[in-house]
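Shown next, in structure tokens, is the structure this report addresses.
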Amino acid sequence: MERNKKEYAVRIIKILEEDYGHVKCALNFSSPFELLTAAILSAQCTDERVNKVTENLFKRYKSVEDYANADILELENYIKSAGFFRNKGKNIIKSAQMVINKYNGDVPQTMEELLELSGVARKTANVVLVSAFGKSEGIAVDTHVIRIANLLELTEYDDPVKIEKDLMKIVPKKYWINFSFMIQTLGRRICKARNPVHVFCSLNKICPLLQK
DNA sequence: AACTCGGGGCA
DNA sequence: TGCCCAGAGTT
């Protein structure tokens, strides 16, 4: 079963690479801490909306110190439209303080350390590792990945931790980074949670949903 | 395992 | 105007 699923996964990846092989992180940022901030904001929020928020946020706050010393109410005002802004504002400031106090101002580069930061769990940590540092200790699993991996019958159930473990067994390691980017892009643009655009889907020849 | 934490887009 | 989208933390 594992071998067949691996071959199936690679087939999917090869097809997706034709359309999405060049795709990178959808979040805008110009430093690791900006990416960390954007990634924290992206919880339960689309990347497009995060980019809208960070456009002004990144003009107002330039350094990790600026975030660590930020007035919570003022910062919250900048990030309101990303939703859950009271949690996220607190988390951004607390994470900035920890980056300064514990890591000398540099965003840490391991999963274990990133998970200690406020507002950072596995999905966000994976995003930071991949896009800020080009490292991957796992596969970023968001709702797009859950939906599409289940749809393609690569995985089952909806526990992101379990899905990530299963995908790490099925997807060859050299594809981990691109797999997330490509699936997320497909999920945002084509294979949406609602009203998927089957005609434009790269996978419409093999999608189990369309074979019945 | 179940709950809380908002706001924006679209019908 | 009400439904749906998108993760982390706490109990």
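No hydrogens, no waters, no symmetry mates; every other heavy atom, side chains included, goes into these values. The sequence lines fix the lettering, A, B, ..., with proteins before strands; numbering per chain opens at 1. Keep in mind that what you see is a predicted model, and the values were worked out from it rather than measured.
The C1' atoms of dG7(C) and dC10(B) are separated by 22 Å, rounded to the nearest whole Å. Nucleotides dG8(B) and dG9(C) place their C1' atoms 23 Å apart, quoted to the nearest Å. Using C1' as the reference atom, dG9(B) and dA8(C) are 23 Å apart when rounded to the nearest Å.
The residue Lys192(A) sits apart from the nucleic acid: no heavy atom pair falls under 4.0 Å.
Each of Asn195(A) and Ala82(A) has a nearest nucleotide on DNA chain B; the 5'-most of these lies closest to Ala82(A).
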**Request:** Would you give a per-nucleotide map of nucleotides 1-11 of chain C, 5' to 3', where B means the base has a protein non-hydrogen atom under 4.0 Å away, S means only the sugar-phosphate does, and - means neither?
**Result:** ---SSBBSS--
**Item:** Test side chain to side chain contact (heavy atoms under 4.5 Å, CB included) applied to Tyr78(A) and Lys59(A), step by step
**Value:** CA-CA 11 Å; Tyr78(A) 278 88; Lys59(A) 284 182 194 154; over 6 Å; no
**Message:** Quick one, Ile40(A) with Val120(A), criterion side chain to side chain contact (heavy atoms under 4.5 Å, CB included). Give me CA distance, side-chain angles, the key distance, then yes/no.
**Reply:** CA-CA 6 Å; Ile40(A) 290 173; Val120(A) 180; 4.1 Å; yes
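Between the CD atom of Glu48(A) and the C1' atom of dG7(B) there is a distance of 15 Å, given to the nearest Å. For the pair Lys90(A) NZ and dG6(B) C1', the interatomic distance rounds to 13 Å; values are reported in whole Å. Note: NZ (Lys162(A)) to P (dA1(B)) measures 13 Å, nearest angstrom.
Formation of a donor-acceptor pair under 3.5 Å by the Arg147(A) side chain with backbone atoms of Cys191(A) is found in this model.
Rounded to the nearest 0.5 Å, atoms CG (Leu41(A)) and CG (Leu27(A)) are 9.0 Å apart.
Annotation for Arg122(A) and Glu137(A): closest pair NH2-O, 4.0 Å, computed over non-hydrogen atoms.
Put simply, the side chain of Leu203(A) reaches to within 4.5 Å of the side chain of Ile15(A), judged on heavy atoms.
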